Asks: 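Please read through the structure below; I'll follow up with questions.
Keep in mind that what you see is a predicted model, and the values were worked out from it rather than measured. Letters A, B, ... are given to chains in the order of the sequence lines, protein chains preceding strands, and every chain is numbered from 1.
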Amino acid sequence: MIRDARVLHPEFVPGDVVHRQHEINTLTAALEPLTNRNIAEPVFLYGPSGTGKTCIARHTVEKLRETVFDLEYQYVNCWEDYTRFKTLYRILDGLDKGFDIHRQSTPRDVLLDRLRDYDGPPYVVILDEVDQLEDKRILYELYRTSGLALMLVANDETSVFADLNARLSSRFQTSERIHFNRYALAELVEILEDRAKWGLEPEAVSTSQLETIADVAAGDARVAIGILRNAAKKASQQGLKEITDVVIQESVPEAKSEIRQQNLDKLTDEQQVVFDIIAEAGEIAPSHLYEEYQDRVDDPKTDRTVRNYLEKMERYNLIRAEGENRGRTYRIVS
DNA sequence: CCTCCACTGGAAGATCGGGAAG
DNA sequence: CTTCCCGATCTTCCAGTGGAGG
């Protein structure tokens with residue numbers, strides 16, 4: 001059933017990308033100055049999730065590395081490394097310069113100083129989910145660091161620039177921006193066919209089944225590949241030679257809840273309590289939510305802290321806040 | 001129209017926990 | 001051991017928002 005499970009993993013970057021040739025060309029052109037060791041302006045990739053932004057960014061840089069003699073690159077997921085410190089640490093780590101930096105007792109701006117001392121080959125930094133950075137000023141600092149080529153990846157362009165100061169914002173506005181649209185059904189099917197070709201045994205899945213998956217995924221390649229992976233895993237556990245329609249039907253909700261469970265696991269116990277209250281109530285007003293939280297926890301945190309929890313859960317797409325001010329209610333994402 | 005008030009979210013400072021230095 | 005320093009987390013304070021109800 002499964003020939004190469006790596007191909008079905010969400011982070012897998014194919015050597016040949018089936019679509020997005022135009023985007024790749026634009027991106028390659030934007031990075032072109034690096035081949036002469038010149039400065040490349042930041043590039044900004046934006047579009048909905050699962051439209052290939054991250055994949056194209058990594059793919060393009062890796063292709064460039066094949067032709068350019070010297071080029072370093074590092075991928076940073078700002079969702080995980082959302083603080084200034086973590087982001088800088090990750091970037092230094094890509095240069096193997098982070099090994100002796102510990103969270104504690106490192107003088108305050110050693111990280112940025114060390115990055116600015118870097119004088120090796122051009123260094124491409126991909127900042128994925130860049131809108132999740134808690135302090136966007138780090139972008140300004142990175143922008144002013146010579147030798148760095150920035151690739152910013154986000155869902156929505158406005159959310160990134162909203163809290164940048166005007167001067168920096170205008171610098172980024174003039175840089176190359178590449179918009180990614182949702183995949184059409186046929187494109188998604190081709191992507192799935194490609195993954196199935198390398199990842200699965202021949203005949204393991206039919207084209208019409210891939211169409212079913214692509215249809216459910218609604219233009220989101222990450223969801224589509226997740227469903228295919230889940231279905232392949234399930235079929236192989238059942239000892240099947242081919243993926244059946246029943247297996248696909250079962251895999252759709254499972255693939256979606258898998259992502260959700262991963263996010264739930266990232267919450268602390270206290271945050272889980274808040275989530276459970278919302279889940280049980282279905283929909284709940286802020287004051288009721290906080291009262292309920294105080295009842296359930298021995299040593300309750302302040303309401304402001306709970307609001308920070310809620311903000312975090314909203315970021316993880318676990319809950320949704322609806323309405324503003326007095327009309328605000330919270331509900332879980334179904 | 002105005003005032004009240006539930007709620008939001010930014011800012012600044014306090015506290016926690018842990019590694020390093022003495 | 002204690003002291004110092006750090007980032008992360010939490011608290012305190014507060015300005016702003018907009019709907020409810022005089």
Side-chain angles (χ1 to χ4, degrees), chain A residues 74 76-94 97-117 127 129-142 154-156 158-169 263-278 281-333:
Chain A
Q74 175 71 339
V76 182
N77 189 327
C78 300
W79 194 301
E80 284 157 19
D81 299 324
Y82 59 92
T83 66
R84 179 191 132 90
F85 179 86
K86 284 179 175 171
T87 303
L88 281 171
Y89 183 86
R90 182 74 63 193
I91 293 170
L92 282 170
D93 202 38
K97 289 194 172 205
F99 56 90
D100 63 340
I101 293 178
H102 305 285
R103 188 171 61 84
Q104 298 82 11
S105 65
T106 302
R108 224 186 167 74
D109 269 320
V110 156
L111 280 80
L112 190 59
D113 289 345
R114 193 178 291 200
L115 190 59
R116 289 190 166 148
D117 287 343
L127 294 173
E129 317 261 17
V130 70
D131 49 332
Q132 298 296 330
L133 280 176
E134 68 174 8
D135 185 359
K136 306 274 193 312
R137 276 176 303 185
I138 182 69
L139 294 178
Y140 187 59
E141 292 168 335
L142 292 174
N155 293 133
D156 171 20
T158 55
S159 63
V160 180
F161 297 124
D163 38 30
L164 283 177
N165 70 52
R167 189 160 53 116
L168 178 62
S169 183
N263 286 334
L264 265 178
D265 292 340
K266 289 179 191 160
L267 300 180
T268 65
D269 290 349
E270 292 244 330
Q271 291 163 355
Q272 295 257 6
V273 170
V274 176
F275 179 83
D276 289 344
I277 292 167
I278 300 171
E283 181 174 10
I284 191 165
S287 53
H288 288 144
L289 173 60
Y290 187 62
E291 281 168 25
E292 187 64 32
Y293 163 78
Q294 283 177 305
D295 286 346
R296 294 201 194 183
V297 176
D298 286 341
D299 190 10
K301 304 283 194 289
T302 61
D303 63 331
R304 185 68 187 83
T305 299
V306 172
R307 268 180 273 145
N308 284 337
Y309 293 167
L310 292 166
E311 195 187 334
K312 178 175 169 183
M313 286 186 258
E314 211 181 348
R315 270 199 326 208
Y316 283 145
N317 212 20
L318 289 167
I319 64 166
R320 191 133 297 157
E322 284 164 0
E324 288 182 349
N325 300 323
R326 283 190 124 104
R328 174 68 69 92
T329 59
Y330 295 98
R331 57 170 68 243
I332 62 166
V333 174

Asks: What's A:Thr305 touching, base or sugar-phosphate or nothing? Going by heavy atoms closer than 4.0 Å.
Replies: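 Since a base atom lies under 4.0 Å of A:Thr305, the category is base.
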Asks: Rounded to the nearest Å, what distance is computed from the CG atom of residue A:Leu310 to the P atom of nucleotide B:dT8?
Replies: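 My rounded result for the distance is 8 Å.
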Asks: Quick one: do A:Glu322 and A:Arg331 make a salt bridge, cutoff under 4.0 Å?
Replies: yes
Asks: Rounded to whole angstrom units, what separation is found between the NZ atom of A:Lys312 and the P atom of C:dC10?
Replies: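 After rounding, the gap between these two atoms is 9 Å.
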Asks: Distance check needed: C:dA8 P versus A:Tyr309 OH, whole Å only.
Replies: 16 Å
Asks: Check whether any side-chain nitrogen or oxygen of A:Tyr82 sits under 4.0 Å from OP1 or OP2 of C:dG7, and answer yes or no.
Replies: no
Asks: Quick check: on DNA chain B, is the nucleotide nearest A:Gly327 upstream (toward 5') of the one nearest A:Glu311, or the reverse? Name the residue that is more 5'.
Replies: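 The answer here is A:Gly327.
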Asks: In whole angstroms, how far is the P atom of C:dC6 from the CZ atom of A:Phe85?
Replies: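 About 11 Å, once rounded to whole Å.
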Asks: What's the shortest heavy-atom distance between A:Tyr290 and A:Asp303, and which atoms?
Replies: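 Heavy atoms of A:Tyr290 and A:Asp303 come nearest at OH-N, 3.3 Å.
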Asks: Answer with base, sugar-phosphate or nothing: what part of the nucleic acid does A:Tyr290 contact at a heavy-atom distance below 4.0 Å?
Replies: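 Nothing, no nucleic acid heavy atom in range.
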Asks: Within less than 4.0 Å of OP1 or OP2 of C:dT12, is there a side-chain N or O belonging to A:Thr302?
Replies: no
Asks: Would A:Arg90 and A:Glu80 pass as an ion pair if we require N to O under 4.0 Å?
Replies: no
Asks: Expressed in angstrom and rounded to an integer, what is the separation of A:Lys86 atom NZ from C:dG7 atom C1'?
Replies: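 After rounding, the gap between these two atoms is 9 Å.
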Asks: Using whole Å, report how far CG of A:Leu289 lies from P of B:dA6.
Replies: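 Rounding to the nearest Å, CG of A:Leu289 and P of B:dA6 are 16 Å apart.
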Asks: Could you state the atom-to-atom distance from CG of A:Asp303 to P of B:dC7 in whole Å?
Replies: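 Taking atom P of B:dC7 as the reference, CG of A:Asp303 is at 10 Å.
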Asks: I'd like to know whether CG of A:Asp269 has more than 12 heavy-atom contacts from other residues, nucleotides or ligands below 6.0 angstrom.
Replies: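 Atom CG in A:Asp269 is not packed in, count stays at 12 or less.
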Asks: Would you kindly give the CD1-to-P distance between A:Ile284 and B:dA6, to the nearest whole Å?
Replies: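 Taking atom P of B:dA6 as the reference, CD1 of A:Ile284 is at 17 Å.
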Asks: Tell me whether the side-chain N or O atoms of A:Arg307 pair up with the base of B:dG10 as donor and acceptor below 3.5 Å, since no angle test is needed here.
Replies: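 Looking at the base of B:dG10, it does not pair with any donor or acceptor on the side chain of A:Arg307 (distance under 3.5 Å).
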Asks: How about A:Glu324: does its CD atom have over 12 heavy atoms from other parts shown lying under 6.0 Å from it?
Replies: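 No - once you tally the heavy atoms of other residues, nucleotides and ligands closer than 6.0 Å, there are 12 at most.
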Asks: Is there a donor and acceptor pair, one atom on the side chain of A:Arg304 and one on the base of B:dG9, closer than 3.5 Å?
Replies: yes
Asks: Mind checking if A:Arg326 touches a base, just sugar-phosphate, or nothing, with heavy atoms under 4.0 Å?
Replies: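 The residue A:Arg326 makes base contact.
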Asks: A:Arg328 side chain N/O closer than 4.0 Å to the phosphate oxygens (OP1, OP2) of B:dT8?
Replies: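 Looking at the OP1 and OP2 atoms of B:dT8, one of them is under 4.0 Å from a side-chain N or O of A:Arg328.
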